[in-house]
Structure formats: structure tokens, C-alpha cells
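Written out below as C-alpha cells is the structure these notes cover.
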Amino acid sequence: MQNSIHYLIMANYQQFQKALISNIHNPELTSGQPKILEYLLFHEGAVQKEIAEACYIEPATLTSVLLGMENKKLIIRKNKNGNRRNLYVYLTEKGKDFACKVIAQFEKIEKCALSNLSEQETTLLTEMLMKISENMKQRSIDNEQK
């Protein structure tokens with residue numbers, strides 16, 4: 001079990017999340033928020049559907065996560081150009097500051113995780129993980145069509 005791909009991916013993800021939460025030192029941070037903060041830092045004014053897809057979060061779950069982030073004054077949601085169908089999500093100044101801290105921690109943890117890998121191994125790992133992700137997306141599409 002401990003040498004299986006699914007176990008190793010899960011274990012590494014859990015260790016990464018644990019390191020992130022403990023290094024941020026902010027009890028307000030929940031596990032779904034860091035990836036949303038990072039996404040919004042580079043995609044200001046995104047609609048919830050885009051955020052959900054990019055962060056691999058179910059839309060209903062995202063709605064509650066965003067509500068929590070709004071209550072913490074990390075984001076604001078507003079209409080744009082009179083479009084009442086979609087709410088666009090923006091980081092507040094507090095949210096931007098927090099997102100920058102999160103990204104700095106992501107980089108620190110990633111550097112630690114990859115410290116014993118050569119540049120070539122890191123490139124290969126990145127390519128392999130991207131292929132796995134594409135395979136999983138395709139499999140998800142195939143399952144939805146059945």
C-alpha cells in the first residue's frame with residue numbers, strides 16, 4: 001500500500017497541506033482557501049465557476065468557502081458591467097497580503113520537497129504529474145459521458 005501511486009500522492013498532499021497550515025500560523029485559514037487565494041491573485045474578477053474548475057472544488061463547496069473568506073474580509077463579490085447573472089470575486093487588500101504569504105509558503109515547501117532532486121528530475125516529475133492530471137481529466141470526461 002505505501003508504495004502505491006495513490007497512497008504516495010495522497011500522503012504527499014497531506015504533508016504539504018500540514019506544512020502549509022502550520023507555517024502560515026493563521027487559525028482562520030481552512031484547507032480549501034490557499035489554492036483559491038493563489039488563483040485569485042493571478043485571476044482577479046473571476047466568476048465562481050472558473051474558480052471551482054481551476055481549484056478542483058465542487059461549486060456548492062466553493063460557495064461556502066467563499067462565504068467564509070468574505071466574512072474574514074479576504075474577498076469581495078460583486079457584479080460587473082451590469083451583469084446580474086454572475087458575481088465576480090476579487091481579493092481585498094487583506095486578501096492580497098494573505099495570498100502573497102501563502103504563495104511564499106508554497107514556494108518554501110516546494111523547495112524543501114524537491115531539495116534532493118536534480119533539475120532534470122524536477123522537470124521530469126513536473127511533466128509526469130501534468131500527464132497524470134491530463135489522464136485524470138480525460139477519465140473524468142469519459143465517465144461523465146457514460
Side-chain angles (χ1 to χ4, degrees), residues 1-72 74-80 83 85-92 95-146:
M1 177 176 106
Q2 291 182 340
N3 289 332
S4 68
I5 297 294
H6 75 272
Y7 179 85
L8 292 168
I9 289 173
M10 179 202 59
N12 280 288
Y13 171 78
Q14 292 297 333
Q15 290 175 23
F16 198 98
Q17 283 296 105
K18 189 184 278 188
L20 178 67
I21 298 297
S22 67
N23 288 343
I24 292 291
H25 304 294
N26 188 319
E28 292 182 351
L29 184 69
T30 63
S31 63
Q33 294 175 349
K35 58 188 166 191
I36 295 170
L37 288 167
E38 180 181 34
Y39 182 80
L40 288 173
L41 191 62
F42 299 105
H43 301 91
E44 278 272 69
V47 294
Q48 288 185 206
K49 182 180 178 184
E50 295 168 352
I51 299 167
E53 288 174 3
C55 296
Y56 299 94
I57 299 174
E58 292 298 320
T61 302
L62 178 64
T63 299
S64 66
V65 172
L66 290 178
L67 180 61
M69 293 174 75
E70 201 168 31
N71 291 338
K72 295 172 189 172
L74 297 172
I75 63 160
I76 56 171
R77 293 185 274 188
K78 57 186 175 183
N79 296 74
K80 188 159 103 178
N83 181 347
R85 289 187 66 211
N86 291 317
L87 285 176
Y88 296 83
V89 183
Y90 299 87
L91 290 173
T92 62
K96 287 178 184 175
D97 290 343
F98 203 63
C100 289
K101 291 176 185 173
V102 165
I103 289 171
Q105 286 304 314
F106 279 150
E107 290 170 356
K108 180 179 173 183
I109 295 165
E110 193 171 301
K111 184 177 180 181
C112 175
L114 301 174
S115 64
N116 290 328
L117 274 61
S118 69
E119 190 173 324
Q120 183 180 8
E121 289 170 322
T122 300
T123 300
L124 182 60
L125 175 62
T126 302
E127 290 170 356
M128 290 169 40
L129 289 171
M130 288 170 57
K131 284 181 181 180
I132 290 170
S133 181
E134 285 303 313
N135 290 343
M136 297 300 291
K137 284 180 196 173
Q138 187 60 47
R139 176 59 95 187
S140 176
I141 291 168
D142 291 345
N143 286 339
E144 289 173 7
Q145 292 175 354
K146 289 183 180 180

Before giving the answer on side-chain contact (heavy atoms from CB on, under 4.5 Å), spell out for Met69 and Leu66 the whole-Å C-alpha distance, their side-chain angles and the decisive distance to 0.1 Å. CA-CA 5 Å; Met69 293 174 75; Leu66 290 178; 4.2 Å; yes

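- More than 12 heavy atoms of other residues, nucleotides or ligands lie within 6.0 Å of NZ in Lys72, so this atom counts as buried by the packing criterion.
- Distance check: Gln14 CD to Asn12 CG gives 10.5 Å after rounding to the nearest 0.5 Å.
- Side-chain N or O atoms of Glu44 include one that pairs as donor or acceptor with a backbone N or O of Leu91 at under 3.5 Å.
- The environment of CG in Asn71 is crowded: more than 12 heavy-atom neighbours from other residues, nucleotides or ligands sit within 6.0 Å.
- Closest non-hydrogen pair, Tyr39 versus Ala54, comes out as CE1-CB, 3.3 Å.
- Ile57 and Gly32 get closest at one heavy-atom pair: CD1-O, 4.3 Å.
- Side-chain contact check for Val89 versus Val47: every heavy-atom pair is 4.5 Å or farther apart.
- Minimum interatomic distance between Ala52 and Leu62 (heavy atoms only, all atoms of both residues): N-CD2, 3.6 Å.
- Looking at Glu53 and Lys137, no side-chain N of the basic residue comes within less than 4.0 Å of a carboxylate O on the acidic one, giving no salt bridge.
- Closest heavy-atom contact between Leu41 and Cys100: CD2-SG, 4.1 Å.
- Remark: side-chain polar atoms of Thr123 are paired, donor with acceptor, to backbone N or O of Glu119 under 3.5 angstrom.
- The two residues Leu114 and Leu125 come nearest to each other via the heavy atoms CD2-CD2, 3.9 Å.
- Closest heavy-atom contact between Thr92 and Ile76: CG2-CG2, 3.7 Å.
- Under the 4.5 Å side-chain criterion, counting only non-hydrogen atoms from C-beta, Ile132 is in contact with Met136.
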